[in-house]
Amino acid sequence: MLDIKRLRSEPEEIRKALERRGIDAPLDEFAELDKKRREIIVEAEEKKALRNQVSDEVAVAKKAGEDASGKISAMKKVGEEIKALDLMLKDLESQLEDIVLELPNTPLADVPDGADESANVTVRTWGEPRRFDFEARPHWDLGAELGIIDQERGAKVAESRFTLLRGMGARLERALINFFLDLHTGEHGYTELFPPILVNSESMRGTGQLSKFAQAEMYKLRDDDLFLNPTAEVPVTNIYRDEMLAEEDLPIHVTAYLPSFRREAGAAGRDTRGLIRQHQFNKVELVKFVTPETSGDELEALTANAEEVLRRLELPYRTVALCTGDMGFASARTYDLEVWLPSYDAYKEISSCSNYLDFQSRRLNIRYRPTGGGKPRFVHTNNGSGLAVGRTFAAIIENYQNEDGSVTVPEALRSIMGVDTITQA
RNA sequence: GGAGAGGUGGCCGAGUCGGCUGAAGGCGAUCGCCUGCUAAGCGAUUAAGGGGGUUUUAAGCCUCCUUCGAGGGUUCGAAUCCCUCCCUCUCCGCCA
């Protein structure tokens, strides 16, 4: 959420910033409610101060054995007035909260403007899309033929958009997870976590997954206040919810492999084939908790860490700066990594790396105490996938396919896979 | 699932016949003194959030309100009493 003080002191800057995202923020309504709120606070607090003072007098009088019944009955009435004011206040605050929680983050100044992905800006491209001297095939066909991807049986066991991996397919999935984690922990300095796969509603709310918009995407358990993890960002970012960190603790760089689940409620007809859009998918997440001064550089580094995975796998990709209209709700800057996918004849998102500034930590109440004392400050958070496993799987099958339908194993995975080529079992 | 104990500030930990306890004490931290350096020692400061005032802004200062797991209730007044919920720990049960 945005800083209330900022909404109050620089509403025009915020209005302009949100307009860049195509949002007409109800800031006038906010200002009006906020003004009313403060008026009531003043009134209520005056009465509370009076009550506190008289209550002390009652205590003194009683100790002295004097009669205080006049004061007591007067305060009884004041107490009722306070109760009424507090009720009004509560109502106003929930109205204010409704407004504030619906406001997305303000984009950083140099984020490209635009309404949709057509305005995104490619910041770098790595590798050349392979030119095939035969008819390249999509991973779902190759995978089925190789016997490593079985979508029919996945659907039988669960439903469509669930997949059974078999043999070298299952092994490739596992190899990718290991490879990602080993790279990020061994060479990029992240600490590996394995968080709960079920998360409670407070955690979901903390990272914004329960907004009207996002809610329908989530699998909810019937008998418990728990959801299936939609992205490791949720359990990982929430580990420090309501905590006071020390500046010496920062930066915190963590990575986690976790199965993720999404209902894909609004995605009917999109990416229906193959592994691109599944209800259950594996992802290795990168999350950073950092000081405000460093979050920009930290995002660049995090993005580079995710890119390194694609380079080691020698998969052609490009890095795209999302425009204001295409960025996620909480983000102030986002880079998407897009891998070349021959079946789509296009680059397809495989990672999304964002700087949330203090937008997330404010809502989650994650602060740190600066070295040398001083007021607690909100940390900044960064987050990105490093990478989505299923999409990497698909990219490897397609980019490394051979004319005979076999798939060459990328150099970097051979020791984990134990073979150089995936062939029909 | 059954029985019991408990949830207090950055951390630990006092606080039951409800009333200068927003909270003793300790640790940690910061500043100062001391010291050849370090350690030890001495002194001071140190919860957060929200209003109002002051200030050109910020900082600072003054003042008030709220907060002792969460929510409700009783009361002039609640960390202290009552209710509901959540969580943690111990024992038992079950179990990979």
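Quick note on labels: first sequence line is chain A, next is B, and so on, each numbered from 1. Worth knowing before you read on, the calculation uses all heavy atoms, side chains too, and leaves out hydrogens, waters and symmetry mates.
Heavy atoms of other residues, nucleotides or ligands lying less than 6.0 angstrom from CD of A:Glu10 number more than 12. Within a 6.0 Å sphere centred on CD of A:Glu32, other residues, nucleotides and ligands contribute 12 heavy atoms or fewer.
A:Arg37 places no side-chain N or O within 3.5 Å of a backbone atom of A:Glu93 that could act as its donor or acceptor partner.
With a cut-off of 3.5 Å on both Watson-Crick or G-U wobble distances, the partner of B:G1 is given as B:C92. In this structure, B:G18 forms no base pair with any nucleotide, since neither Watson-Crick nor G-U wobble geometry is met with both distances under 3.5 Å. Pair assignment for B:G60 gives B:U54, based on Watson-Crick or G-U wobble hydrogen-bonding distances that are each under 3.5 Å. Across the strands present, B:A47 finds its partner in B:U67; the criterion is a Watson-Crick or G-U wobble pair with both atom distances under 3.5 angstrom. The partner of B:G41, taking Watson-Crick or G-U wobble pairs whose two distances both stay under 3.5 Å, is B:C33. Across all strands shown, the partner of B:G6 is B:C87, judged by Watson-Crick or G-U wobble contacts whose two distances both fall under 3.5 Å. B:C11 and B:G26 make up a base pair, with Watson-Crick or G-U wobble contacts both under 3.5 Å. The base-pairing partner of B:A78, taking Watson-Crick or G-U wobble contacts with both distances under 3.5 Å, does not exist among the strands shown.
Between A:Arg38 and A:Asp34, at least one side-chain nitrogen of the basic residue sits less than 4.0 Å from a carboxylate oxygen of the acidic one, meeting the salt-bridge criterion. Between A:Glu264 and A:Arg161 there is no salt bridge, since no side-chain N of the basic residue sits under 4.0 Å from a carboxylate O of the acidic one. Look at A:Asp86 and A:Lys47 and you find no salt bridge, because none of the NZ, NE, NH1 or NH2 atoms lies under 4.0 Å from a carboxylate O. With respect to A:Glu152 and A:Lys156, no salt bridge is recorded, no charged nitrogen being found less than 4.0 Å from a carboxylate O. A salt bridge links A:Arg377 to A:Glu293: one of the charged nitrogens lies within less than 4.0 Å of a carboxylate oxygen.
Here A:Asn52 lies in heavy-atom contact (under 4.0 Å) with sugar-phosphate atoms only. When heavy atoms are screened at a 4.0 angstrom cut-off, A:Lys62 is found touching base atoms of the nucleic acid. Residue contacts for A:Lys83: at a heavy-atom cut-off of 4.0 Å it reaches the sugar-phosphate backbone alone, with no base atom in range. Among the heavy atoms of the strands lying under 4.0 Å from A:Val42 are primed sugar atoms or P, OP1, OP2 only; no base atom is included.
Distance noted for atom P between B:G52 and B:A5: 46 Å (whole Å). The separation of B:C94 from B:G6, taken at their C1' atoms, amounts to 25 Å, rounded to a whole angstrom. Distance noted for atom C1' between B:G19 and B:U80: 11 Å (whole Å). If you take atom P in B:U74 and the same atom in B:C82, they sit 15 Å apart, rounded to whole Å. Rounded to a whole angstrom, the distance from the P atom of B:U46 to that of B:U57 is 27 Å. On the P atoms, B:C64 is 13 Å away from B:G22, given to the nearest whole Å. B:C20 and B:G77 have their C1' atoms separated by 13 Å, with the value rounded to a whole Å. Remark: the separation of the P atoms in B:U38 and B:G49 is 34 Å, to the nearest Å.
The stretch residues 385-401 of chain A participates, sequence neighbours left out, in no salt bridge (charged side-chain N to carboxylate O under 4.0 Å, His left out) pair at all. Pairs passing the salt bridge (charged side-chain N to carboxylate O under 4.0 Å, His left out) check and including a residue from residues 15-26 of chain A, sequence neighbours excluded, read A:Glu12-A:Arg15, A:Arg15-A:Asp28, A:Arg20-A:Asp113. Among residues at least two apart or in separate chains, side-chain hydrogen bond (donor to acceptor under 3.5 Å, both in side chains) pairs with a member in residues 98-111 of chain A are A:Arg6-A:Thr106, A:Asp110-A:Arg333. Residue pairs satisfying the ring pair (Phe, Tyr, Trp, His ring centres under 6.0 Å) criterion with at least one member in residues 162-210 of chain A, sequence neighbours excluded, are listed as follows: A:Phe162-A:His279, A:His184-A:His188, A:His184-A:Tyr190, A:Tyr190-A:His253.
A side-chain donor-acceptor contact under 3.5 Å links A:Asp336 and A:Ser352. Counting only N and O atoms by type, the side chains of A:Glu248 and A:Thr371 include a donor and acceptor under 3.5 Å apart. Looking at A:Asn200 and A:Asp225, their side chains never bring a donor and an acceptor atom within 3.5 Å of each other.
Protein chain A touches strand RNA chain B; the 5'-most and 3'-most nucleotides with an atom under 4.0 angstrom of its non-hydrogen atoms are B:G10 to B:G77.
Within residues 88-103 of chain A, the residues that have a heavy atom under 4.0 Å from RNA chain B are, in order of number, A:Lys90. For RNA chain B, the residues of residues 69-81 of chain A within the heavy-atom distance limit of 4.0 Å (strictly under) are A:Ile72, A:Met75, A:Lys76, sorted by number. For RNA chain B, the neighbouring residues in residues 32-39 of chain A, judged by any heavy atom under 4.0 Å, are A:Arg37, A:Arg38. Near RNA chain B, defined here as any heavy-atom distance below 4.0 Å, the residues from residues 362-370 of chain A are A:Arg367, A:Arg369, listed numerically.
Contacts of A:Tyr240 classified as ring-ring contact (aromatic ring centres under 6.0 Å, His included), with partners at least two apart in sequence or in another chain: A:Phe289. Taking the side-chain hydrogen bond (donor to acceptor under 3.5 Å, both in side chains) definition, one finds that A:Lys288 meets it with A:Glu298, sequence neighbours left out. The ring-ring contact (aromatic ring centres under 6.0 Å, His included) test applied to A:Tyr317 returns A:Trp126, not counting sequence neighbours.
Residue A:Thr371 is the one, among A:Lys375 and A:Thr371, whose nearest nucleotide of RNA chain B lies closer to the 5' end (criterion: closest heavy atom). Between A:Ile4 and A:Ala49, the residue whose closest nucleotide on RNA chain B is further toward the 5' end is A:Ile4.
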